[in-house]
Number of protein chains: 2
Amino acid sequence: MKVNDWEKGCPLLLTQRIILGKWKLSIIWFLGKNGTMRFTELKKAFDDSTLTQKMLTQHLKELESDHFVIRTAYNEMPPRVEYSLTEEGLNFLPILQQMEKWGEYYIELHGDGYDTIPL
Amino acid sequence: MKVNDWEKGCPLLLTQRIILGKWKLSIIWFLGKNGTMRFTELKKAFDDSTLTQKMLTQHLKELESDHFVIRTAYNEMPPRVEYSLTEEGLNFLPILQQMEKWGEYYIELHGDGYDTIPL
DNA sequence: CTGCATCCGGAACGATACTG
DNA sequence: CAGTATCGTTCCGGATGCAG
């Protein structure tokens with residue numbers, strides 16, 4: 001009882017908890033876009049951002065235990081590990097799209113919040 | 001250039017940034033449900049959760065500067081301050097509903113992740 | 001190639017007391 | 001009533017090095 005009991009079983013808070021993490025949405029977005037991706041492939045997708053291997057591994061683990069992504073390891077040399085979305089993950093994609101649309105709508109009104117370099 | 005430049009202007013990451021915060025979604029949810037709410041009213045809505053005045057104030061401030069809620073202060077004694085969603089905030093509600101629906105769907109499959117007390 | 005172990009700084013969050 | 005101020009804690013995330 002007591003602590004945070006009111007949030008127990010709340011679907012919204014559950015969803016919030018699952019996508020908690022700086023790179024979660026981006027990972028989901030990439031997997032949704034490309035289907036199956038290897039670890040390094042995913043890492044490269046983030047290009048020059050500051051995502052470290054540690055965080056990528058950690059977030060992928062969490063997403064896996066949350067039934068959001070599937071991890072498939074092949075016993076090869078060198079090792080190969082592929083990630084893809086589960087059914088639950090795929091069903092989440094429409095939300096991502098709506099968030100994107102809302103973001104675009106918001107940017108039209110207020111900009112993206114980053115400094116724009118005026119000429 | 002360089003750092004996080006790839007995320008610049010990304011609508012999805014913008015959206016993620018705005019709803020960042022442990023209580024943001026819940027605040028938005030309450031305001032969406034009840035329309036206009038006073039500070040204390042909002043505080044009480046969280047009942048016995050651990051939300052402190054500090055965090056509520058802080059999150060409301062951020063939501064306000066993000067054009068997500070409107071703050072209206074009345075020069076009365078005792079003071080009265082009311083919060084409500086902006087147009088942008090209202091347009092975000094469908095996303096909240098989708099997240100709820102997805103959460104319900106997820107709970108049917110996997111439970112809510114909290115301990116259930118077996119009889 | 002795909003991770004794991006360790007250390008560390010800073011941001012987010014929380015508890016409490018005080019104010020106009 | 002609606003905050004502000006201060007302090008303390010937790011925990012997320014970054015850097016680096018190592019391993020199967």
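In the text below, chain A, chain B and the rest are named by the order of the sequence lines, each starting its count at 1. Please read all numbers here as calculations on a predicted model, not as lab measurements.
- Not one side-chain nitrogen or oxygen of A:K22 sits closer than 4.0 Å to the OP1 or OP2 atom of D:dC11.
- By the 6.0 Å contact criterion, CD on A:E76 is enclosed, its count of non-hydrogen atoms from other residues, nucleotides or ligands being greater than 12.
- Of the side-chain N and O atoms in A:K43, none sit less than 4.0 angstrom from OP1 or OP2 of C:dC1.
- Of the N and O atoms on the side chains of A:W29 and A:E100, at least one donor lies less than 3.5 Å from an acceptor on the other residue.
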**OP:** Assign a letter to each nucleotide of nucleotides 15-20 of chain C from its 5' end: B, base within under 4.0 Å of a protein heavy atom; S, sugar-phosphate only; -, no contact.
**Re:** B----B

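- For the OP1/OP2 pair of D:dG13 and a distance below 4.0 Å, the side-chain nitrogens and oxygens of A:H59 include at least one atom meeting the criterion.
- The CG atom of A:L20 sits 7 Å away from the P atom of D:dC12 (whole-angstrom rounding).
- Ring planes of A:H67 and B:H110: parallel class, angle under 30° (limits at 30 and 60°).
- Within the 4.0 Å cut-off from OP1 or OP2 of C:dG3, at least one side-chain nitrogen or oxygen of A:R71 is found.
- OP1 or OP2 of D:dG3 lies within a sub-4.0 Å distance of a side-chain N or O belonging to B:Y83.
- OP1 or OP2 of D:dG3 has not a single side-chain nitrogen or oxygen of B:R38 nearer than 4.0 Å.
- Between B:F39 and B:Y83, the ring planes are tilted. Angles from 30° to 60° get that label.
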